[in-house]
Protein chains: 2
Amino acid sequence: MKVQSKKDGVSSVARSQEQNEKMRLERKEQIMAAALREFSAKGLYATKIKDIAEYVGMAQGLIYHYFKSKEDIFTELVTDALDKMNDAVIELGKMPLPPHEKIKAAIKQLLYTIETSERFNQTCCLINQAANSTALPANIKEVIDQKRDVPYRELAKIIAAGQQEGTVVAGDPQALALVFWTSINGLAIYKATRQNNVTLPDAGILINMFVKEQNNGKN
Amino acid sequence: MKVQSKKDGVSSVARSQEQNEKMRLERKEQIMAAALREFSAKGLYATKIKDIAEYVGMAQGLIYHYFKSKEDIFTELVTDALDKMNDAVIELGKMPLPPHEKIKAAIKQLLYTIETSERFNQTCCLINQAANSTALPANIKEVIDQKRDVPYRELAKIIAAGQQEGTVVAGDPQALALVFWTSINGLAIYKATRQNNVTLPDAGILINMFVKEQNNGKN
DNA sequence: TCTTTGATTGAACTTTCATTCAATATTTTA
DNA sequence: TAAAATATTGAATGAAAGTTCAATCAAAGA
């Protein structure tokens, strides 16, 4: 029975087909984590491959063993981020709750995530950069154009449903959804760029902006 | 009496001391307008001097007759933008109106500006990029660190005063100010990046988020 | 142990700019 | 009109950075 000593200290029975694949994915994940950190802080063009490689602790050239190009890393990060965000929003829509409770739950969850997850905030920065730059390669722009409107649309549906029930404040659902997401996004970015003592709004403040008062008891 | 024929078609009595200075400033203004357009869409590092020069219709080299460097243009743009924004907010604070009316006026004015001024929206994009990038040269970062908190602080004061009077919604003033500006900023950026049919929120929607209902009659 | 495969390195290659500069054109002054 | 000052051009320069590659190392299979 052969035992392999791995870099990460894990020893196991040889099973290299899968093991190799898994290690490769772990390595890619390391690179992507470093790239997210760098890209979210500096953007695609101010981030150097050298920065990412140094952060991971590998030679520049090795990056190209795992990714075709710098833009490729960026594209993969942005695609993943948008997909996860969109999946979460679609899940929210499917939850067995009345619309205003969905909104309350979303606000609480999002604020908690902003408070606790540096990675989430970095991801918001990344999406922000990607969505607001016309300088990106065409393939990234396609991905963005195709995916970035989903949260607005889904939330607008929930808001419209809540207005039907009389539990959500009046106003064009699209417009309200827009304000909702720009706020959340802005808060995440604000937090990401000043780790120190940031006063984030209490969930109640945001809930009051979207849910009618009588439906906003503490729970 | 000598008559000069100018590029811009203006003929006038020779008075070159001032005239030259004025022409120089006009030229700088042209460059800055082009640079704002490019920087706001692409960021500092994805924007090439060639892009700016082409947009103005001059040779690359000539840019350096008017500015020391690319970063210099960026710095000047960001400084001007932050100063104007801060001046406007401070003016708002001094207006002879009760706090909630200041907020209502600000929302109306800002939404109208977002609706009508492409330049304002570009400026928001520029500030957004500048404030959220750690990749900028140190001197720009100093300018930003020093100036970017003014609108939050000033608005928080107004909000706190309104709460004293019972006309503004409850919640930490800092946090409310943060939501206010992230919303405004987000809307401007949203508009800037999709010129087509964007549904901006009605002023009433935003006013209801910050001003108590009984103080929110149409006027 | 020997071979093969994949991981890793770091230097070399190449391209892309920002910036400089010598030359030219234009305007102003005398 | 001639000299001086200013504006303008576009090519040259040089540095920075993305990407490639030949060589080395490490692990796995036979």
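Every value quoted in this text rests on a predicted model; they were computed, and no experiment measured them.
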**Q.** For atom CD of A:Glu21 and atom C1' of C:dG6, their distance in whole Å
**A.** 12 Å
Q | B:Lys108 side chain vs B:Ala203 backbone, donor-acceptor pair below 3.5 Å | A | no
Q. Whole-Å distance between D:dT8 C1' and B:Arg24 CZ?
A. 13 Å
Give every donor-acceptor pair under 3.5 Å between a side-chain atom in residues 55-66 of chain B and any protein atom, sequence neighbours left out.
unit_1	atom_1	unit_2	atom_2	d
B:Tyr55	OH	B:Arg37	NE	2.8

Q | A:Tyr112 ring center near A:Phe120 ring center (under 6.0 Å) | A | no
Q. Any side-chain donor paired with an acceptor under 3.5 Å for B:Thr75 and B:Glu71?
A. no
**Q.** Atom-pair distance (CD1 on B:Ile73; C1' on C:dA18), nearest Å
**A.** 11 Å
Q) Could you state the CD-P distance from B:Glu71 to D:dA15, rounded to the nearest angstrom? A) 17 Å
Q) Listed in order of residue number, which residues of residues 60-67 of chain A have a non-hydrogen atom at under 4.0 Å from DNA chain C? A) A:Gly61, A:Leu62, A:His65, A:Tyr66
Q) Could you give the CD-to-C1' distance, from B:Gln30 to D:dT8, as a whole number of Å? A) 13 Å
Q | Euclidean distance, atom CD1 of residue A:Ile49 to atom C1' of C:dT14 [Å, nearest integer] | A | 16 Å
Q. Between C:dA18, D:dT9, D:dT19, which nucleotide has the shortest distance from any of its atoms to the side chain of B:Lys48?
A. C:dA18
Q.
Measuring to OP1 and OP2 of D:dA17, would you say a side-chain N or O of A:Lys50 lies under 4.0 angstrom away?
A. no
Q) Which pairs pass ring pair (Phe, Tyr, Trp, His ring centres under 6.0 Å) with one or both residues in residues 26-49 of chain A, sequence neighbours excluded? A) A:Phe39-A:Phe74
**Q.** B:Arg27 side-chain N/O to D:dT8 phosphate OP1/OP2 under 4.0 Å
**A.** yes
Q: Run through A:Asp149, A:Leu92, A:Ile90 and flag the one making a side chain to side chain contact (heavy atoms under 4.5 Å, CB included) with A:Glu154.
A: A:Ile90
**Q.** Donor + acceptor pair across side chains of A:Gln30, A:Arg27 (<3.5 Å)
**A.** yes
Q: Round to the nearest Å and state the distance from B:Lys22 atom NZ to D:dT6 atom C1'.
A: 18 Å
(Q) Expressed as a whole number of angstroms, how long is the span from A:Met58:CE to C:dG10:P? (A) 13 Å
